[in-house]
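If you read the sequence from its start, that first residue is 1, and numbering goes on from there.
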Amino acid sequence: GGAGAGAGAAGASGAGAPKRQYYHSKTSLPMAEGEEAVDSDDDWDEAWIGQQSERLIDDFEDVSLEEKEFMKLWNRHVRQFRVYADSNVPRACDLFSRLHGETIRARGLRHNYLLHLCNLWDNALLTA
């Protein structure tokens, strides 16, 4: 079939699949023919979200430097390992301890981490 003037137009003989216009799932911009195969949620750069989050944490005036440092470390962790549901929190804490335990110890953030774990427990996200 030939290409018609508009989306959905079939060739002159009426045979063939209609031509379709695809749009990118994140930007909503029209995609060129063949690009639809590469549209993926994995190709999105979310680094700016982390940077903005850390700037907002830095703006807190009633929070200690250690608390800010711990919040940034935890937020980076949950963004990287995608904690989508409450049931993911215990595993995220275990992994956080394994990956960042030395950093927590070296930077004196143990108290902040323990308070964070208590807060998670108080909100029924961790069990004893």
Taken in chain and number order and not counting sequence neighbours, the residues that satisfy side-chain contact (heavy atoms from CB on, under 4.5 Å) with A85 are S87, N88
For R82, the side-chain contact (heavy atoms from CB on, under 4.5 Å) test, sequence neighbours excluded, returns E46, Y84
F70 and Y113 aromatic ring geometry - parallel, tilted or perpendicular at 30°/60° bounds: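 The arrangement is tilted - the two ring planes meet at 30° to 60°.
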Sorted by chain and number, sequence neighbours left out, salt bridge (Lys or Arg N to Asp or Glu O under 4.0 Å) with D94 holds for R91, R98
**Asked** Just by distance, do the side chain of Q52 and the backbone of A47 share a donor-acceptor pair under 3.5 Å?
**Response** no
N/O donor to acceptor pairs below 3.5 angstrom from side-chain atoms of residues 114-128, sequence neighbours left out:
residue	atom	partner	partner atom	Å
N119	OD1	N123	ND2	3.1
N123	ND2	N119	O	2.8

Worksheet entry | Within-4.5 Å side-chain heavy-atom neighbours: H100 and L109 |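 No, too far: nothing below the 4.5 Å cut-off.
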Applying side chain to side chain donor-acceptor pair (under 3.5 Å), can you list everything that pairs with [X], at least two apart in sequence or on another chain?
| X | value |
| --- | --- |
| D58 | K72 |
| R76 | E54 |
| Q80 | none |
| R105 | E102 |

Check: Within a radius of less than 6.0 Å around CZ of R79, do more than 12 heavy atoms belonging to other residues, nucleotides or ligands occur?
Finding: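 Counting neighbours around CZ of R79, more than 12 heavy atoms of other residues, nucleotides or ligands fall under 6.0 Å, so yes.
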Single-linkage hydrophobic cluster, 4.5 Å side-chain cutoff, V83 and F96 together: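 In one cluster: yes.
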Under the salt bridge (Lys or Arg N to Asp or Glu O under 4.0 Å) definition, can you give me all pairs with a residue in residues 60-70, not counting sequence neighbours?
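As it turns out, the salt bridge (Lys or Arg N to Asp or Glu O under 4.0 Å) pairs with a partner in residues 60-70, which skip direct neighbours, are E69-R107.
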Notebook entry, point to check: Which value, rounded to the nearest 0.5 Å, describes the distance between H77 atom NE2 and S97 atom OG?
Noted result: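 Answer rounded to 0.5 Å: 8.5 Å.
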Apart from F81 itself, its cluster of hydrophobic side chains linked below 4.5 Å comprises L95, L99
